[in-house]
Number of protein chains: 2
Amino acid sequence: MPTPDRTSVDAIVRAGQDILESAGIAGLTMQAVADRVGVRAPSLYKRVRNRDDLVRLITEATIRDLGERLAVIVAGSDPRRELAELARAFRAFAHARPRGYQLIFAPRSDLAGPSIVLTHAVEPVLRVTANLAGEDHALDAARTLTAWANGFVSMELAGAFKLGGDVDQAYEYGIARLADALAR
Amino acid sequence: MPTPDRTSVDAIVRAGQDILESAGIAGLTMQAVADRVGVRAPSLYKRVRNRDDLVRLITEATIRDLGERLAVIVAGSDPRRELAELARAFRAFAHARPRGYQLIFAPRSDLAGPSIVLTHAVEPVLRVTANLAGEDHALDAARTLTAWANGFVSMELAGAFKLGGDVDQAYEYGIARLADALAR
DNA sequence: GTCTATATTTCGATAGAC
DNA sequence: GTCTATCGAAATATAGAC
């Protein structure tokens, strides 16, 4: 062993997530990541192909993190309550890690959309909407729910709610209305 | 008049909108805009402060374009039908000009969120939700509706709907459910 | 696998003549 | 107001020694 490993893909991705939240996507440079994991920038290219590849890995790790938060909520008992808790957990995640969240649904230069990882992460939503709206409408209902939640927090993070009013309460209003609307 | 004006802010912004749609935000360089309007790049700085300023102007022009599409729909007669038509026009605009649309709700490096222009553009939505849900719930209902529509087309443009099914029909499903849910 | 050194490229922005 | 010429700055990525 001439030169032992001083870092790893996992450490690089975690460092990238931290830098993303603190410095934004523009601050996520190979140099910044290298500084944080304690190697020189060129060494990163032994672990990741290039910067786009790193951004992809960071995005997928973030989707997995979100999926874990959602997965623990659904037990199958009370779909209406679980819908509300899914929605609140979704928003809380976006508030806690806004830059990573924005990466999930960001338009890609790459042609491929969000990976299969996203499909896995939203599986709890499908379980709830199946219970609430029935199997036949589970997919349409899940798309309605996730579209609303994603749109709401995206607009919130972008500072698009400028007409006053209580934004927290607007979110609870949406939860209640959607739960009514999707219940068969 | 030693040197007559060979371009204008309007021409620059329109050129920027075209380049944005064809080449993406990364392709929106001062050089590309200058080529299209027929001047040299440094001349642009007599009209716009810098690239960020140009992007801001392009975003606001796009919001105004969207607002014009929405404004012609609302007559006050049938709120449920008008809600559906607003939603469809919103989605059609996003499909026709995806990059410009994505700019509207994109996270800003700038601290300021979308300008007052957006407030004006969504005014038709408020008129419809006031008729549908009552004045007391007009704002919450408008936020629910715009969040859903924005979230839906954002996910669509990002390629996030990967579980099959008919996406057009999922949108119509959402329209119907939201119209029910928001009607008082 | 990590390092130093550097190539490359690209683009935003300015200076000053006309 | 537009032009030529150029600066300045940054960041990705590679080459080759150890």
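Residue numbers begin at 1 in each chain, while the letters A, B, ... track the order of the sequences.
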Quick one: B:Ile12 CD1 to C:dG12 P, roughly how many Å, whole number? 14 Å
Closest approach of B:Ala138 and B:Thr129, non-hydrogen atoms and distance? O-OG1, 3.0 Å
Go through residues 44-55 of chain B and report each residue with a non-hydrogen atom lying under 4.0 Å from DNA chain C, sorted by number. B:Tyr45, B:Asn50, B:Arg51
Salt bridge (charged side-chain N to carboxylate O under 4.0 Å, His left out) with A:Arg51: which residues, sequence neighbours excluded? none
Taking only Lys NZ, Arg NE, NH1 and NH2, and the carboxylate oxygens of Asp or Glu, determine whether B:Asp168 and B:Arg91 approach each other closer than 4.0 Å. yes
Could you list the residues that satisfy salt bridge (charged side-chain N to carboxylate O under 4.0 Å, His left out) with A:Glu60, not counting sequence neighbours? A:Arg56
Please give me every residue in residues 17-24 of chain B whose heavy atoms get under 4.0 Å of an atom in DNA chain C, ordered by residue number. none
Which residue pairs satisfy the salt bridge (Lys or Arg N to Asp or Glu O under 4.0 Å) criterion with at least one member in residues 12-34 of chain A, sequence neighbours excluded? A:Asp18-A:Arg36
With ring centroids as reference points, do B:Tyr101 and B:Phe93 lie under 6.0 angstrom apart? no
Rounded to the nearest angstrom, tell me the gap between atom CE in B:Met30 and atom C1' in D:dC7. 17 Å
Strictly below 4.0 Å, N to O, side chains only: are B:Glu82 and B:Arg127 in salt-bridge contact? no
Expressed in angstrom and rounded to an integer, what is the separation of A:Ile25 atom CD1 from D:dA11 atom P? 13 Å
Any residue of residues 35-43 of chain B with a heavy atom less than 4.0 Å from an atom of DNA chain C: B:Pro42
Rounded off to whole Å, could you give me the CG-to-P distance for the A:Asp5 and C:dC3 pair? 12 Å
Is B:Arg97 paired with B:Asp65 through a side-chain N to carboxylate O contact shorter than 4.0 Å? yes
Calculate, to the nearest 0.5 Å, the distance between atoms CG and CD1 belonging to A:Leu44 and A:Ile12 respectively. 5.0 Å
B:Phe161 ring centre to A:Arg143 NZ or CZ under 6.0 Å, with the angle to the axis within 45°? yes
